Amino acid sequence: MSDGATSSTDQTPEYRYTAELAGEIERRWQAHWAAHGSFNAPNPVGPLAGGVPDDKLFVQDMFPYPSGAGLHVGHPLSFIATDVFARYNRMIGRNVLHTMGFDAFGLPAEQYAVQTGTHPRTTTEANIERYLSQIRMLGFGHDERRRIATTDIEYYRWTQWIFLRIYNAWYDDEQDRARPISELEIQYAQDKRRTPDGRNWCELTVAEQREIIDSHRLVYLSDAPVNWCPGLGTVVANEEITADGRSERGNFPVFRKNLRQWMMRITAYADRLVDDLDRLEWPEKVKTMQRNWIGRSYGANVHFPTEDDRIEVFTTRPDTLFGNVGLILAPEHPMVDEIMPGAWPSGVDERWTGGAARPAEAVAAYRQAASRKSELDRQENREKTGVFTGAYATNPVNGKQVPVFVADYVLTGYGTGAIGVSPGEDQRDWDFANVLGLPIIRTVQPGEDFDGEAYAGDGPSINSSQENGLSLDGMYIDEAKQTIIQWLEEHGYGEGRREYKLRDWLFARQRYWGEPFPIVYDEDGMPRPLPEDHLPVVLPDVPEYTPTSYDPNDADTEPNPPLAKTTDWVEVELDLGEGRKKYRRDTNVMPQWAGSCWYQLRYIDPVNSEVFVDPDNERYWIGKRPDQHGSNDPGGVDLYVGGVEHAVLHLLYSRFWHKVLHDLGHLSSEEPYRRLVNQGYIQAYAFTDSRGFYVPAEEVSEVDGEFYYNGEKVSREYGKMGKSLKNVVTPDEMCETYGADTFRFYEMAMGPLEVSRPWATKDVIGAYRFLQRLWRNVIDENTGELRVADVDPTEEDLRALHKAIAAVREEFAELRFNTAGAKLIELNNHLTKTYAAAEATPRALAEPLVLMLAPLCPHSAEELWNRLGHDESLVHGPFPEADERYLVEDTMEYPIQVNGKVRARVTVPTSADDDEVRAAALGEERIAALLNGGEPRKVIVVPGRLVNVVL
RNA sequence: GCCCCCGUAGCCCAACAGGCAGAGGCAAGCCGCUUAAAACGGUUGGAGUGCCGGUUCGAAUCCGGUCGGGGGCACCA
């Protein structure tokens, strides 16, 4: 790294803004802000109550995980951005809530504990301290009273409380909202709701009643197949599995396995989670990812009668039913065995039998082969395969007998686990039909220039009519679908249906460092929620943290959570309203996402011991504000900034919890995050030598576009910043070399927040020079005295100033910190040019410049503001306001285009109307010459912009 | 394979809603300061917007195609 910045030599003026001075100022103002609670934002009610203006702003960074590795310069990018935005808004008088807590449960501390025996809490707390010391160095205006960590017992007590609220709720499809489970019990007790087997509620045993109630809960135990990851010793959620079927964390193989696990019924909210995306100010990219993940599709269930039953098929293209040439069941489909005849029909196609003598053998062999395929095989080998079951079903739309197959590209878990084969409009079906020699009937007319195989596009239906009058011919997809669904419903052959890719959320992990479940099991093994006054369920100390992980490839292993080993904690005697009895605690812990599902709510009311968040405080900070955000405003945090990697997991789970809590009456808002911005990443160059090893990037020098390390040529790569690439630059070293303000200014100047860009240490000097020049315009470098005087600025100065104010305000408000910084440099350059050689800088220019600098470089701004004679910190403003008078010019210069090319310029009074501008333009010497006395074909005057003359 | 985003000066980036391609920074050149250099201050050039075509009086901006980079999804019927 070039070390020019710190090397202040003897000749450096004594009072120059150097990194040393910056550091001193920064520490001093950080202490001042802390001592004065400068960033404390009052709440309407409760422990943090104070006078609150109606105008508020809640800014939030995505919950950081306090890793022990320390920060590099990429990490604080979004933190600086939110801080600048928060500071600007605070200065213009808003009540701004900005803080930062820690998502502190999770595997790294636990794995460290496994290796060293150090309690995860010890590691976690040390890491949080380390993290805090790094971010505090950067001068963020966080409300320190609102810092929380998910590992705080007082915090996870409420996480457990929310879990119980969700557990004790059910989804009422009629009202389309969650309701307390007690209301369901009343419905059953009053026989307003039928029991599954039709008996009266009072005829059921207590256990039977409980089983029915439990089956409705938003949290339930399921024996369904889950993703078992032996390498981690725990199960993981669908969302935590990568495309190639491995765990996101650790990259271990994941196996489908039937285990009894806690699930959360997020699918009940699928529609609202999709629909309400339209109410959010989020990047389209994230909305699209959520829509795809939820994967709602509209289609129909179609009944295909078989000899003595019927097969239900889900299709999104019921309009193609006339082109149906077969059915396929998933290998695990329960009806396979039912419909299989003992022998092949006569004349069966040999491609259908897999060479087996009888259907049962063919299917058994196929099933075995399918189960042996790993996820990876399935994806890499897309060759369609399948075998005939020997059975036929009837296509209801035309009465044709179609063969029923088994094929592994049909999944059990989606739709009905059975599909119809319409090769003309689906490429997968086309491929399958080709492999098995099925006919292909197009039912949608492709365009003339179409030369592909299956045609999935829109077009008029063809070959889609039957004798008794049903016809789709000529209809386009939408109409054809509607028509056929109506026909199916009228004739009892099926019904319209919505289907989702979204599955319920696997909510338990067999680990140690997480929130314990507030659930115990009674002697019959039935789960019992703990009453609220039994919270918190505190995570006990355990003799060992190892969750019993296994050979990552051994699918035949069982989870054995660390908590199960603490018998004195697991076995408890409690009074749950039936006298003291023995119970066994649940030994799972919640997934890491639990704590981050609701932290914005706790930021609002961090020390409230009565409720998780007071309704008045919730309404104030994240309540709906239709007057500002439109009648459909769902409420939520005003600005949420974080990485796009949380697009599905965290953001979907958090929205789900928020909606449940809203339904149950605990929250007025319907969404947690009204506006979301994804910051770009700071990436960096890395360099490898001839052997392919990484060399320290900071010691590489560039000569004529080639890169050298120790005189040896190296090659450049571009990627993430990290230890393994030996290209880490830390905020610590930037603060050391330039000061935090320079670092902040540079990070913001690099480009728009949303854009990823390469780190370039050599460019930081530009921000440093700017701050030095600005400093020099206010402070005499040689004496340290103020060099500001109460002299009147010129008209030109005022124009420059007010133009800058108007622009900077707008840029700050729109999160365009790069251009805001540029405008400040521009204004400062004007001051340097005009007053650097003069006696002093006019106060009327210096003060607004310092104030406008404050959001970006708060320490130097505070210091200069103070030296300018102000005793009050500028944290709460004032912020300069632009005077319209100086924004309008008396005259303006119009470029004159001839046929779109600029040929001349003319200056006219700003007040000139179009005709006057036109006259002036045509009268201009060179234009007049070009016209040569003739009339132009057309003259376009764009007021305030230009004149275009068409010859 | 499908979908989305981005290509402006040697580099990072500006250009409001189609209207003079340049605000700002880095690097480069020159000048000043200096015995000299660094640092500092001043100052100067430099792209016609990846490419092809279209719409328009006028396109970096809108449309179609194409190339390059990044990201998401990937048998979801």
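Chain A is the first sequence line, chain B the second, and so forth, proteins listed ahead of strands; every chain is numbered from 1. Keep in mind it's a predicted model, so treat the numbers as computed, not measured.
With Y455(A) as the aromatic partner, R442(A) does not meet the cation-pi criteria of under 6.0 angstrom to the ring centre and within 45 degrees of the ring axis.
Put simply, CZ on F770(A) is 11 Å from C1' on rG25(B), counting in whole angstrom units. Computed from coordinates, the K287(A) NZ to rG72(B) C1' distance equals 17 Å when rounded to whole Å. To the nearest angstrom, P of rG25(B) lies 13 Å from CD1 of I765(A). In this entry the distance linking OH of Y894(A) with P of rC20(B) reads 13 Å, nearest Å. Summarising the geometry, the separation between CZ on F745(A) and P on rC13(B) is reported as 16 Å, rounded to the nearest angstrom. Going from atom CG of L411(A) over to atom C1' of rA74(B) covers 12 Å, rounded to whole Å. Taking atom OH of residue Y746(A) and atom C1' of nucleotide rC12(B), one finds them 6 Å apart after rounding to whole Å. For the pair R757(A) CZ and rG69(B) C1', the computed distance is 17 Å after rounding to whole Å.
Contact annotation for K823(A): no contact, since no heavy-atom pair falls under 4.0 Å across all strands. Counting non-hydrogen atoms under 4.0 angstrom, K285(A) reaches the backbone sugars and phosphates but no base. In this structure, S756(A) reaches the sugar-phosphate backbone alone: every heavy-atom distance under 4.0 Å involves primed, P, OP1 or OP2 atoms, never a base. At the heavy-atom level, R503(A) lies nowhere under 4.0 Å from the strands shown. Among the protein residues, D429(A) comes within range of no part of the nucleic acid, since none of its heavy atoms lies under 4.0 Å from any strand. Using a 4.0 Å heavy-atom cutoff across all strands shown, T832(A) reaches sugar-phosphate atoms only and no base atom. Contact annotation for T315(A): backbone-only contact, meaning every heavy-atom pair under 4.0 Å involves sugar-phosphate atoms and none involves a base. Within 4.0 Å (heavy atoms only), R937(A) reaches no atom of the nucleic acid at all. Note on I825(A): only backbone sugar-phosphate atoms sit closer than 4.0 angstrom, heavy atoms only; bases stay farther off.
Taking the side chain of Q772(A) as heavy atoms from C-beta on, and the options rC40(B), rC57(B), rA77(B), the nearest nucleotide is rC40(B). In the set rC57(B), rA77(B), rC13(B), the nucleotide with an atom closest to the side chain of I419(A) is rA77(B). Distance from the side chain of K384(A) is smallest for rC75(B) among the nucleotides rC75(B), rC26(B), rC12(B). Taking only side-chain atoms of R769(A), from C-beta outward, the nucleotide of rA27(B), rA77(B), rG19(B) with the closest atom is rA27(B). Comparing rC13(B), rG41(B), rG19(B) against the side chain of N948(A) picks out rG19(B) as the nearest. Which of rA23(B), rA77(B), rC13(B) sits closest to the side chain of N818(A) comes down to rC13(B). The side chain of M750(A) has rC12(B) as its nearest neighbour among rG42(B), rC12(B), rG24(B). Taking only side-chain atoms of E826(A), from C-beta outward, the nucleotide of rC13(B), rC57(B), rG24(B) with the closest atom is rG24(B).
Place F314(A) and W293(A) on RNA chain B by their nearest nucleotides, and W293(A) ends up nearer the 5' end. Between I940(A) and A418(A), the residue anchored closer to the 5' end of RNA chain B is I940(A), taking for each the nucleotide with the nearest heavy atom.
A salt bridge is defined here as a Lys NZ or Arg NE, NH1 or NH2 lying under 4.0 Å from an Asp or Glu carboxylate O, and R310(A) with E312(A) meets this definition. E284(A) and R291(A) are joined by a salt bridge, as a carboxylate oxygen and a charged side-chain nitrogen come within less than 4.0 angstrom of each other.
Pair check for rA14(B) finds none; no Watson-Crick or G-U wobble contact set falls under 3.5 Å. When both pairing distances are held under 3.5 Å, rC2(B) makes a Watson-Crick or G-U pair with rG72(B). Applying the Watson-Crick and G-U wobble criteria (two distances, each under 3.5 Å), rA21(B) pairs with nothing in any strand.
Using a distance-only test at 3.5 Å, with no hydrogens or angles considered, no donor-acceptor pair links the side chain of S422(A) to the main chain of G424(A). Using a distance-only test at 3.5 Å, with no hydrogens or angles considered, no donor-acceptor pair links the side chain of N324(A) to the main chain of G420(A). Formation of a donor-acceptor pair under 3.5 Å by the W293(A) side chain with backbone atoms of L649(A) is not found in this model.
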Table of protein N/O atoms under 3.5 Å from nucleotides 54-56 of chain B N/O atoms:
none

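Aromatic rings of F432(A) and F405(A) (six-membered ring for Trp) have centroids within the 6.0 Å cut-off, being under it.
For Q897(A) against rG19(B), a side-chain-to-base donor-acceptor contact under 3.5 Å is present.
Closest approach of N727(A) to M721(A), counting heavy atoms only: O-CG, 3.3 Å.
Taking atom C1' on both rA60(B) and rU49(B), the two are 5 Å apart, rounded to the nearest angstrom. Separation of the P atoms belonging to rC63(B) and rC4(B) is 12 Å when rounded to the nearest angstrom. Between the P atoms of rA39(B) and rC30(B), the separation comes to 15 Å (whole Å). The same atom, C1', is picked in rG58(B) and in rC73(B); the two are 41 Å apart, to the nearest Å. Annotation: rG68(B) and rG29(B) have their C1' atoms spaced 32 Å apart (nearest Å).
Ring geometry for Y685(A) against F687(A) counts as tilted: the plane angle lies between 30° and 60°, on a 0 to 90° scale. Using bins of under 30°, 30° to 60° and over 60° for the plane-to-plane angle, the ring pair Y768(A)/Y17(A) lands in the tilted bin.
Taking 90° from 0 as the syn/anti boundary, the base of rG72(B) is oriented anti.
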